[in-house]
Amino acid sequence: MVIFAKNVSLLLAMKFKRVVVLTGAGISAESGIKTFRDSNGLWENHAIEDVATPEGFARNPQLVYDFYNARRKQLLSPDVTPNKAHIALANVASRFAERFVLITQNVDNLHERAGNTDVLHMHGELQRARCVRSGKTITTTGDIDGHHHCTCCHPSQALRPDIVWFGETPQYMSQIEAALCQCDIFVSIGTSGNVYPAAGFVELAKNHGAHTVELNLEPSAGKNNFAEHHYGLASVIVPQFFNASMK
Ligand code: APR
């Protein structure tokens, strides 16, 4: 059956059983956190290879600690708050409960601050630090550097930012893949579709029968895999889409 975008939302309102949402940097852009690819491969003026790879960390750990300490501090700024798109997703989550899964590539805590719990942070979290040996994580809102050590190992080991860098395996992958295979709608919000495995989630969901929706400022690299598209600011189109489709 061909479903046209104009009428799709009402049709889907009757069909949704399991909803999976994937978010990327675009959902947090209006909350004051810069996206990645809008700045010519630089992340807050740093080359990605320097601050988002294991090799960069081995080369200059202090630079990497400083970089994530600054990003973590930014989350505490009164200027950085959840926007209407984050809040809309928290409302959907409260209606669908365990039938809703939120996956984010973002390392900020704006989904949680909007009211979402159980967010699958596949690329890690700024407010967590990880033991380099055991992989165990602790919550931290303050700075970490090479002088901070874990309490899980003897002798204690260094802590690193709990951020999944390029070349590393994203977190929660088996949970994510199970959710993608079981959902009947997959909604991708604010992601350029350039980084795998997240960029491939739409195909997995689609191949298992899900309706697929892209909500972004502009067409993403994977736009042809989506059955429905809405382009504009996340703070506008995300509440609009869910209000219309979940009445
Ligand atoms: N509303 C909606 N979409 C927006 C907005 C906005 N206000 N502002 C920007 N966008 C869109 C951009 O058009 C772009 O397509 O959000 C997307 C952001 O893309 P990226 O910067 O590539 O971010 P993302 O897709 O999340 O990056 C994936 O790459 O660098 C790694 O690990 C990092 O998690 C990150 C991953």
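Keep in mind the model is a prediction, meaning the values are calculated, not measured. Note that ligands are numbered from 1 as they come in the structure, with each ligand's atoms numbered from 1 the same way.
Close approach of ligand 1 to A234 is summarised as follows: ligand atoms under 4.0 Å from at least one heavy atom of the residue are 1 (N), 2 (C), 6 (C). Ligand 1 places these atoms under 4.0 Å from at least one heavy atom of F166: 30 (O), 31 (C). Listed by number with element, the atoms of ligand 1 under 4.0 angstrom from any heavy atom of G24 are 26 (O). Of all the atoms in ligand 1, the ones that sit under 4.0 Å from a non-hydrogen atom of E30 are 1 (N), 6 (C), 7 (N).
Distances shorter than 4.0 angstrom occur between a heavy atom of G190 and an atom of ligand 1. Using a non-hydrogen distance threshold of 4.0 Å, N194 does not register as a contact of ligand 1. For G232, the heavy-atom gap to ligand 1 drops under 4.0 angstrom.
Close placement of the H46 and F67 rings is indicated, their centers lying within 6.0 Å of each other.
For the residues V107, V195, I237, the heavy atom positioned nearest atom 36 (C) of ligand 1 is part of V195. Proximity annotation for atom 4 (C) of ligand 1: of I163, I48, L217, L233, L217 comes nearest, heavy atoms only.
For N106, no nitrogen or oxygen atom sits less than 3.5 Å from a nitrogen or oxygen atom of ligand 1, counting backbone and side chain alike. Residue A29 places no N or O, backbone or side chain, under 3.5 Å from any N or O of ligand 1.
Classification of the H230-F241 ring pair by plane angle, with boundaries at 30° and 60°, yields tilted.
More than 12 non-hydrogen atoms from other residues, nucleotides or ligands lie less than 6.0 angstrom from CG of D145. Counted within 6.0 Å of NZ on K206, heavy atoms from surrounding residues, nucleotides or ligands total more than 12; the atom is thus considered enclosed.
Between the side chain of R160 and the backbone N or O of I163, at least one donor-acceptor pair lies under 3.5 Å. The main-chain N or O of A234 is found under 3.5 Å from a side-chain atom of E30 such that the two form a donor-acceptor pair. Judged purely by atom type and a 3.5 angstrom limit, Y68 uses its side chain to pair as donor or acceptor with the backbone of V51.
Under 4.0 Å from ligand 1, the heavy atoms of H123 that appear belong solely to its side chain.
Side chains of T140 and R128 form no contact here, defined as non-hydrogen atoms less than 4.5 Å apart.
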